[in-house]
K.L.:
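Shown below is the structure under consideration.
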Amino acid sequence: MDTKLSVLFVPFLLGCIHLSVGFKEDVDVPIQEPLEWWQTSVFYHLYPRSFKDSNGDGVGDLKGMVEKLPEHLHDLGVGAVWISPIFKSPMADFGYDISDYLSFEPLFGDLKDFETLKERLHALGIKILLDFETEFKETVWTFAPERNQFYFHHFLREQPDLNYNNPHTREAMKNVLRFWLDQGVDGFRMDAVPFLIEDPQFRDDPVISDPADPSKTIIIKTYGRDRPESLEVIKEWRGVMDQYNKPEPKVILLEAYASLTYTMSENLMPFNFFLITNLNASSTAQDFQDVISMWLDNMPAGKWPNWVLDNHDQPRFTSRLGPGLVDAMNSLLLLLPGTAILYNGQELGMADIDVLWEDVQDPFGRNMGPALYKKYSRDPSRSPFQWDGSVSAGFSTNPKPWLPVNPNYYYLNLEAQKKAEVSHYNIVKRLIKLRQSKVFQLGKLKLHVLGKYVLGFTRSLPGEPTYLIIINLSSFQEEILLSKIIPEVSSLHVHTASVNSEYKIGHTVPTSLTFSMRPKSSLVLTTDKIKLSLPLSSHSSKTEL
Ligand SMILES: *[C@@H]1O[C@H](CO)[C@@H](O)[C@H](O)[C@H]1NC(C)=O
Ligand SMILES: *[C@@H]1O[C@H](CO)[C@@H](O)[C@H](O)[C@H]1NC(C)=O
Ligand SMILES: [Ca+2]
């Protein structure tokens, strides 16, 4: 797995007015108004094998999505979903090895099921994006006896590279886009973009010994990546999509294993994985500030930021940063300026599972053998969605789904969290609603290092209430004084508090006195009046999940 993940985000802009509002306090970067759907929506990344199984074979499918997805996303307030590959595939890499781009893998369902899903989502105003694999995807040549020739593949041997230097290949792939656009999809997520065009000289990439296991070697992909010609191919695809821009623009989410300078070029906005790759359980408030600033400071004028904490290739943030930070990290993701992408289960605070060697499914884990699979397998973050406390967490009637359900499902599940007065789910829902307000869409961001392990950030816009988000990352004794950040008011109101916080919605916090927060807790404070007003002492003792 390459850890330098980033994704490009290619928007399709219609005529826009320029408004001089910058996200960073000190820079005036024009933002184009009115904002478009892909800027104001929360995106939901769905891993299809693990969302909902309709027929008891233990694998999620399209009928299961029809049953659960529209209602779930509507309740949560999500505006768009992108579904990891469901195309016809030999399943050497669970759908990332595609054999037919124009039909679905029967395991998942058929075009009719997709049509029903799309219609139900669109009826609720929710956009749908498909995964568009740019390669039938270890830089090596494999001999194909049927052709008496070697073929080239960057990834598994089942994923031969397409030759994008061939105009027929390029046209065929454009026709794939047209086919799905005609079916009414609202956009695509594209994979492995820096590898589109191979080195014309087919030079050998350097081989070094694997630092993790000196008995193995790894290939440093050098010549066949980040080639400028790959950007040309993407521009052609954009051209195709531009013809479908009415009534609303289509988007492409582009995943690229590439450097900032490469992905920030041209008309592309890299999809931002720094919160995944550059933070860990010992990161300080200053580290958080640096990682957030690195993105915003490198973003060219007029571009739109985006934030990702989890995906199907990485351990969940509850493992990377610590299980106590569920609400804190979701608040960060949802209240920073720009588009937020939620990975299914993140809204519940789902955690990685432990997988025994005999149960390993991910080929990248299996290929590493019993000693190393835990380091490489992507199974832990792909466990079935936890719907309720019944058999297999309500994911399947099959008691043995393709991957084990997390054993915490009996209390950590959607049904229980919907009922609880305070829960991760209800907090995400409340924050998704909050981020629809102008101050979160257009307001300035100011980051504050309030203590070594206390991070704060404000969002403000003239004429709107100011919001201050505080996250206690630590277990160190530190006290903070809010008047240093917001001197103009004597008190702030709690808009949202994390499940593990001693504060509740409506509490008032004086800014002129020092105050403290529980470890790993977070608060969304505002200068606005919160309808429900409570004295600090009346802590609710209702069920909390
Ligand atoms: C954790 O991340 C910080 C930056 O956020 C870095 O300085 C530190 O070296 C990392 N620690 C580990 C153990 O990777
Ligand atoms: C963060 O939590 C730790 C552990 O309880 C506590 O000692 C510290 O004072 C808290 N920080 C703030 C700013 O409240
Ligand atoms: Ca199924």
Side-chain angles (χ1 to χ4, degrees), residues 3 47-69 86 91 94-95 104-110 113 117 211-212 273-295 309 314-315 317 319-322 324-325 328-329 332 375 384-385 392 394-403 447-456 468-485 492 494 497-498 500-503 509-511 513-523 525:
T3 49
Y47 190 70
R49 294 179 70 86
S50 298
F51 191 67
K52 173 71 187 170
D53 170 26
S54 71
N55 60 355
D57 66 358
V59 179
D61 46 53
L62 278 162
K63 281 200 170 69
M65 288 181 222
V66 170
E67 190 188 320
K68 293 281 197 182
L69 188 62
I86 47 179
M91 292 286 161
F94 292 130
F104 293 118
E105 171 57 35
L107 186 71
F108 292 126
D110 57 26
D113 299 327
L117 178 66
F273 281 165
F274 285 164
L275 299 181
I276 297 182
T277 53
N278 292 33
L279 295 172
N280 58 54
S282 37
S283 297
T284 60
Q286 185 65 51
D287 292 332
F288 272 75
Q289 165 161 343
D290 291 347
V291 166
I292 294 164
S293 294
M294 177 162 62
W295 191 262
L309 270 170
Q314 305 282 339
F317 78 75
S319 302
R320 303 188 323 265
L321 304 174
L325 286 169
M329 288 302 113
L332 183 77
K375 188 169 180 308
F385 192 88
S392 292
F395 161 73
S396 173
T397 53
N398 191 325
K400 199 174 185 307
W402 78 286
L403 274 178
L447 295 155
H448 310 270
V449 173
L450 298 171
K452 189 168 182 203
Y453 292 100
V454 186
L455 175 73
L468 167 64
I469 294 87
I470 308 178
I471 296 173
N472 186 359
L473 296 164
S474 87
S475 357
F476 277 85
Q477 189 65 44
E478 286 177 297
E479 286 186 328
I480 54 175
L481 194 59
L482 298 180
S483 57
K484 277 201 249 166
I485 310 164
L492 289 167
V494 175
S498 60
N500 54 0
S501 175
E502 68 266 55
Y503 301 92
V509 179
T511 54
L513 304 173
T514 56
F515 93 117
S516 64
M517 295 161 64
R518 282 188 193 149
K520 316 291 177 189
S521 70
S522 62
L523 288 177
L525 301 170

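Whatever order the structure lists them in is the order used to number ligands and atoms, beginning at 1. Being a predicted model, the structure only gives us computed values, none of them experimental.
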K.L.:
Could you say whether the N/O atoms of Phe515 and ligand 2 ever approach to under 3.5 Å?
P.N.:
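Phe515 vs ligand 2: no N/O contact under 3.5 Å.
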K.L.:
Checking a contact table here: which protein heavy atom is nearest atom 9 (O) of ligand 1, and how many Å away?
P.N.:
Asn280 ND2, 4.8 Å
K.L.:
Side chains of Trp402 and Ser50 only: does a donor on one sit below 3.5 Å from an acceptor on the other?
P.N.:
yes
K.L.:
Any nitrogen or oxygen of Asn472, side chain or backbone, less than 3.5 Å from one on ligand 2?
P.N.:
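By distance alone, the answer is yes.
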K.L.:
Quick check on the 6.0 Å ring-centre criterion: do Phe385 and Phe51 meet it?
P.N.:
yes
K.L.:
When you measure from the side chain of Lys520 to the backbone N and O of Leu473, does any donor-acceptor pair fall under 3.5 Å?
P.N.:
yes
K.L.:
Give the numbers and elements of all ligand 1 atoms closer than 4.0 Å to a heavy atom of Ser283.
P.N.:
1 (C), 2 (O), 3 (C), 4 (C), 5 (O)
K.L.:
Looking at Leu107, Thr397, Asn398, which hits side chain to side chain contact (heavy atoms under 4.5 Å, CB included) with Asp57?
P.N.:
Leu107
K.L.:
Report yes if the distance between the aromatic ring centroids of Phe515 and Tyr503 is under 6.0 Å, otherwise no.
P.N.:
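Judged by ring-centre distance (under 6.0 Å), Phe515 and Tyr503 do meet the cut-off.
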K.L.:
Just verifying a value: how many Å separate Ile470 CD1 and Ser498 OG, rounded to the nearest 0.5 Å?
P.N.:
11.5 Å
K.L.:
I'd like to check atom 11 (N) of ligand 1 in this structure: does the protein have a heavy atom lying under 4.0 Å from it?
P.N.:
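Flag for atom 11 (N) of ligand 1 set to true, protein heavy atom closer than 4.0 Å.
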K.L.:
Short list, please: which atoms of ligand 2 are under 4.0 Å from a heavy atom of Val454?
P.N.:
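It comes down to these atoms of ligand 2: 13 (C).
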K.L.:
Measuring from Leu450:CG to Ile471:CD1, what's the distance to the nearest 0.5 Å?
P.N.:
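Leu450 CG to Ile471 CD1: 10.5 Å, rounded to 0.5 Å.
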K.L.:
Are Asp290 and Ser293 linked by a side-chain donor-acceptor pair shorter than 3.5 Å?
P.N.:
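No.
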K.L.:
Using a 4.0 Å cut-off to any heavy atom of Pro519, which atoms of ligand 2 qualify?
P.N.:
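Close to Pro519: 2 (O), 4 (C), 5 (O).
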K.L.:
Restricting to side-chain contact (heavy atoms from CB on, under 4.5 Å), what partner residues turn up for Leu481, sequence neighbours left out?
P.N.:
Ser483, Lys484, Thr514
K.L.:
Strictly under 4.0 Å, does any heavy atom of Ser474 approach an atom of ligand 2?
P.N.:
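Yes; Ser474 lies near enough to ligand 2 that a heavy-atom distance drops under 4.0 Å.
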K.L.:
Could you tell me which atoms of ligand 1, counted from 1 in the order shown, lie closer than 4.0 angstrom to a heavy atom of Asn278?
P.N.:
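Those atoms are 4 (C), 5 (O).
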K.L.:
Considering the Ca ion (ligand 3), could you give the total of protein N/O/S atoms lying closer than 3.0 Å?
P.N.:
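That number is 5, waters not included.
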K.L.:
Can you check whether Gly324's main-chain N or O pairs, donor with acceptor, with Asn500's side chain at less than 3.5 Å?
P.N.:
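The answer is yes, because a donor-acceptor pair under 3.5 Å joins these two groups.
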